[in-house]
4 protein chains.
Amino acid sequence: MEIENSNSYGRKNPRALKIRKAAYELITEVPFEDITMTAIAERAGVAKGTIFNYFRNKEDIFMAISLTGYQYFCEEIEKQLAEIEIKDKVELKQFLLEQTQTLVQEYQIIILINSLRRFSLEAHADPIQTEEGRTRIFLLINNIVKEAVKNIPDVDLSEIRHAFIIQGAILNGMLNFGNLDQVNNIQFNMAMPDMVVNVVDESINLFSLYLDSILFKK
Amino acid sequence: MEIENSNSYGRKNPRALKIRKAAYELITEVPFEDITMTAIAERAGVAKGTIFNYFRNKEDIFMAISLTGYQYFCEEIEKQLAEIEIKDKVELKQFLLEQTQTLVQEYQIIILINSLRRFSLEAHADPIQTEEGRTRIFLLINNIVKEAVKNIPDVDLSEIRHAFIIQGAILNGMLNFGNLDQVNNIQFNMAMPDMVVNVVDESINLFSLYLDSILFKK
Amino acid sequence: MEIENSNSYGRKNPRALKIRKAAYELITEVPFEDITMTAIAERAGVAKGTIFNYFRNKEDIFMAISLTGYQYFCEEIEKQLAEIEIKDKVELKQFLLEQTQTLVQEYQIIILINSLRRFSLEAHADPIQTEEGRTRIFLLINNIVKEAVKNIPDVDLSEIRHAFIIQGAILNGMLNFGNLDQVNNIQFNMAMPDMVVNVVDESINLFSLYLDSILFKK
Amino acid sequence: MEIENSNSYGRKNPRALKIRKAAYELITEVPFEDITMTAIAERAGVAKGTIFNYFRNKEDIFMAISLTGYQYFCEEIEKQLAEIEIKDKVELKQFLLEQTQTLVQEYQIIILINSLRRFSLEAHADPIQTEEGRTRIFLLINNIVKEAVKNIPDVDLSEIRHAFIIQGAILNGMLNFGNLDQVNNIQFNMAMPDMVVNVVDESINLFSLYLDSILFKK
DNA sequence: TATGAATGAGCGTTCATTCAT
DNA sequence: GATGAATGAACGCTCATTCAT
């Protein structure tokens with residue numbers, strides 16, 4: 001069977017969804033390299049072979065999770081935007097920071113999976129599907145930004161679009177450099193308070209600084 | 001046999017060094033999961049069995065690389081500090097931004113390897129050695145900061161120490177979220193300029209904003 | 001469901017024909033074990049499940065190709081015989097050598113597939129269909145021989161029938177032992193001219209010697 | 001570990017020998033495609049992984065069997081030649097026919113495995129090792145022929161070397177086209193005596209005709 | 001009768017790890 | 001301490017076969 005690709009990574013296919021969901025759950029429990037296709041199949045309640053009808057390999061599944069997850073995040077923003085009115089830069093910043101909070105609280109894993117991009121995912125995932133997924137996200141961000149600033153003159157759309165990337169970067173970095181005083185959730189003997197990162201607050205704080213610099217630069 | 005641990009991760013042992021060096025080279029060429037112990041042994045010019053005298057497993061090697069690499073970065077800073085005098089907050093900021101530039105340009109891989117921490121390294125690396133390495137880094141940062149601000153009143157040492165973490169986080173995030181318009185270094189068809197990250201400039205810019213916020217807050 | 005067997009190996013059924021044709025094409029391109037039912041189905045333009053309405057498995061398809069192919073060869077001889085008159089042993093030999101030429105030039109694959117008989121086909125093909133196919137060929141040869149020698153006294157029909165087997169054997173052997181100076185059509189560095197077999201000429205020559213020995217033995 | 005290749009296909013290595021021996025036994029019992037690496041390993045009394053230290057894959061093992069087996073046959077001939085004296089063409093023919101008898105009786109499987117060359121072995125076996133093995137055989141035949149005809153004037157060495165190939169071809173063909181009245185050693189209902197091949201006698205007879213044609217052509 | 005998504009047993013192969021030398 | 005051949009558990013993945021539509 002052709003690998004399902006009418007909708008990038010079989011996004012709407014219920015079986016592909018079950019598989020992505022199972023893998024998503026597993027990555028919260030088990031190190032990436034210890035997740036086996038067998039385990040994903042069992043968790044998803046499908047046959048092992050079925051996975052390969054939808055995904056090339058394990059990396060492909062996680063690339064799909066990353067892309068569909070972020071896409072979902074964008075679609076939620078779109079829905080919210082349809083119901084509110086952003087009147088000025090202060091409200092825009094406020095709106096974007098609220099999204100950051102949502103992202104860090106509800107999409108942490110999605111953001112973290114991007115850490116595997118360079119060293120794992122990209123080398124093995126389907127490049128076509130990856131491009132499709134990224135392009136879809138790119139277009140969604142574009143729509144979101146257009147809608148968000150439609151009432152605000154004097155805003156550089158390009159900078160706001162770019163801010164979405166920086167938002168992800170900040171979050172991802174904070175997650176990767178947080179908890180350096182633990183290994184596998186086990187605290188070190190020596191207290192190292194300055195090594196600890198409060199991911200939510202510090203991400204929002206840093207992104208806020210960034211937004212100020214592009215929105216309110218003199 | 002006891003795994004060599006008098007000096008964390010056999011830091012000074014020439015054989016352990018060759019092994020770390022080989023693995024470091026390989027990660028710039030090959031996806032993490034495709035790096036085998038055999039390949040590392042061959043590249044290092046040692047027998048496969050020898051690796052296991054120094055490291056528990058592959059993750060252990062990369063954890064060691066990450067820690068000894070960053071430790072080396074800190075030691076270089078120490079050396080520099082011994083030769084200069086930092087007189088005020090402006091010079092302090094200047095100094096820290098210069099370090100950021102060094103870090104992003106010469107230690108990219110070291111920073112990137114931290115992306116594997118959560119999903120790969122911590123679960124398999126030797127927790128004792130990891131703790132030792134992190135503690136050593138913690139103490140180095142502590143010394144650096146003390147030395148750096150010794151002439152500047154009115155600086156919160158804790159905040160500067162923490163800034164080192166934020167520096168790493170920013171860099172790591174930028175690296176993970178850069179080049180989203182490529183897969184495996186192959187550019188997408190559709191141009192997506194706002195998705196592109198200039199890692200060096202934007203990291204320094206963002207870290208600069210952060211330093212301003214802690215050094216010059218009203 | 002009964003596998004279609006009114007006519008051995010669904011010989012006249014257009015779908016079975018398409019399947020055999022697809023497999024025949026594939027064996028000229030791909031090693032036997034690398035030919036999958038999926039590939040055959042795709043090439044044939046039928047669903048994978050459809051194949052199993054006509055053939056038990058891959059071996060069954062190739063057994064069918066071998067038998068229907070050789071049967072077709074025999075039927076062509078029959079047609080030719082209907083239009084000519086063989087008057088003596090010299091003409092008989094001449095006629096048989098012409099058939100050999102046809103066989104080696106147009107039915108090479110059919111002959112070669114017999115190489116798989118022992119180690120692959122017979123163990124998995126449908127024995128009933130195989131017997132049917134072979135019997136049909138046996139009867140065809142019988143008819144051909146009767147027709148061919150009807151004007152020639154003093155010829156042992158049994159020996160001529162047997163010559164058909166020897167003809168196949170010679171051809172098959174020559175094909176299997178030809179080109180030993182190549183692997184996968186790549187010539188060896190060292191020239192080994194005496195290892196090279198000119199399949200057409202040498203097959204005809206050897207078969208000619210054989211026919212002489214049975215037709216003109218003193 | 002490098003695949004052992006100092007001596008083509010680890011010919012002298014006792015472990016490689018055990019593996020080839022196990023595979024050789026299995027092919028007399030089980031269809032080629034039903035022979036698994038697991039079964040070979042078990043039969044050989046080695047770990048599955050060990051097989052891959054010596055052979056690339058299953059095809060490689062059988063290519064090795066075919067080549068080392070025939071090489072052994074040649075070496076035996078060499079030994080015999082060292083002890084006898086061939087004085088004329090009649091004795092040469094006699095000698096070659098005796099070798100044919102040995103070949104058909106003791107090396108049937110070796111000859112038969114060549115049937116897999118085209119459709120299985122060559123595509124997957126190690127081409128370097130294959131070339132090495134064939135070259136070694138080529139040189140052995142060359143030596144044998146030189147030694148065999150050293151006392152006989154007026155013999156074309158090239159033709160005698162070529163006769164070794166034809167000998168193999170005849171044998172292989174006879175084996176592949178023998179017993180067409182059986183499937184898996186089960187006799188058909190209808191008796192088809194002319195389809196039956198007496199492999200030993202008919203091979204020797206046909207090769208004898210061939211030798212006459214090259215040795216005693218007028 | 002044709003289809004093709006789902007299946008899952010079982011394959012070849014890998015590779016971290018061991019341990020006799 | 002270094003070696004590297006042997007190991008074998010465990011992996012990803014295949015693909016013939018089924019069967020509901």
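No experiment lies behind these values; they were computed from the predicted model shown. Sequence lines set the chain letters: A, B, ... in the order given, protein chains first and strands last, and positions in each chain run from 1.
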C/T50 side chain: which of E/dA6, F/dA2, E/dT3 is closest?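 Output: E/dT3.
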
Listed nucleotide nearest any side-chain atom of C/K48, set F/dT7, F/dA16, E/dG8: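 Looking only at side-chain atoms, C/K48 lies closest to F/dA16.
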
Can you measure [X] atom [atom1] to [N] atom [atom2] for me and round it to whole angstrom units?
| X | N | atom1 | atom2 | value |
| --- | --- | --- | --- | --- |
| D/D126 | E/dT13 | CG | C1' | 17 Å |
| B/F52 | F/dG4 | CZ | P | 15 Å |
| C/I19 | E/dT3 | CD1 | C1' | 13 Å |
| C/N53 | F/dT18 | CG | C1' | 12 Å |

By side chain to side chain donor-acceptor pair (under 3.5 Å), which residues pair with A/S115, not counting sequence neighbours?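 Side chain to side chain donor-acceptor pair (under 3.5 Å) check on A/S115 returns A/N172, A/N176.
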
Quick check on E/dA6: is either OP1 or OP2 less than 4.0 Å from any side-chain nitrogen or oxygen of A/R15?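 Yes.
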
N/O (side chain, C/Y54) to phosphate O (OP1/OP2, E/dT1) under 4.0 Å: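 For C/Y54, the contact criterion (side-chain N or O under 4.0 Å from OP1 or OP2 of E/dT1) is not met.
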
Decide yes or no on side-chain contact (heavy atoms from CB on, under 4.5 Å) for C/R15 and C/V46, but give the supporting numbers first. CA-CA 8 Å; C/R15 259 196 176 77; C/V46 302; 4.1 Å; yes

Are A/Y24 and A/I110 close enough that some pair of their side-chain heavy atoms sits under 4.5 Å apart?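 With C-beta onward as the side chain, the pair touches.
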
Name the residue closer to the 5' end of DNA chain F, choosing between C/G49 and A/N57 according to the nucleotide with the nearest heavy atom.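 Of the two residues, A/N57 wins.
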
Take C/K58 and B/V46, find for each the nucleotide of DNA chain F with the closest heavy atom, and name the residue whose nucleotide sits nearer the 5' end.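 The residue mapped nearer the 5' terminus is B/V46.
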
Using a 3.5 Å cut-off on both pairing distances, which stems of three or more Watson-Crick or G-U pairs include DNA chain E?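 As far as DNA chain E goes, consecutive pairing (with distances under 3.5 Å) yields the stems E:2-21 with F:2-21.
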
Residue closer to the 5' end of DNA chain E, A/I51 versus C/G45 (nearest nucleotide):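 Mapping each residue to its closest nucleotide by heavy atoms, the 5'-most match is C/G45.
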
Would you compute the distance between atom CZ of A/R56 and atom CD1 of A/I128 and round it to the nearest 0.5 angstrom?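 The distance works out to 8.0 Å.
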
Pairwise distance CG(D/D126) to CE(D/M63) - rounded to 0.5 angstrom: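 The CE atom of D/M63 is 9.5 Å from CG of D/D126, to the nearest 0.5 Å.
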
Which heavy atom of A/I113 sits nearest to which heavy atom of A/F62, and what is that distance?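 That closest heavy-atom pairing would be CG2-O, 3.7 Å.
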
Kindly list each side-chain donor-acceptor pair under 3.5 angstrom involving residues 28-37 of chain A, sequence neighbours excluded, with atom names and distances?
unit_1	atom_1	unit_2	atom_2	d
A/T28	OG1	A/E25	O	2.5
A/E29	OE1	A/R43	NH2	2.8
A/E29	OE2	A/R43	NH1	3.1
A/E29	OE2	A/R43	NH2	3.4
A/E33	OE2	B/H124	ND1	3.2
A/D34	OD1	B/H124	NE2	3.4
A/D34	OD2	B/H124	NE2	2.9
A/T36	OG1	A/A39	N	3.0

Mind running a 4.0 Å heavy-atom check of residues 33-44 of chain A against DNA chain F and sending the residues that fall below it, in number order?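 Per residue number, the list reads A/I35, A/T36, A/M37.
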
The criterion is side chain to side chain contact (heavy atoms under 4.5 Å, CB included); which residues satisfy it with A/A64, sequence neighbours excluded?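 A/A64: side chain to side chain contact (heavy atoms under 4.5 Å, CB included) contacts with A/Y9, A/R20, A/F55.
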
Does A/E122 have any salt bridge (charged side-chain N to carboxylate O under 4.0 Å, His left out) partners at least two apart in sequence or in another chain, and if so, which?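 A/E122 satisfies salt bridge (charged side-chain N to carboxylate O under 4.0 Å, His left out) with A/R117, A/R134 only.
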
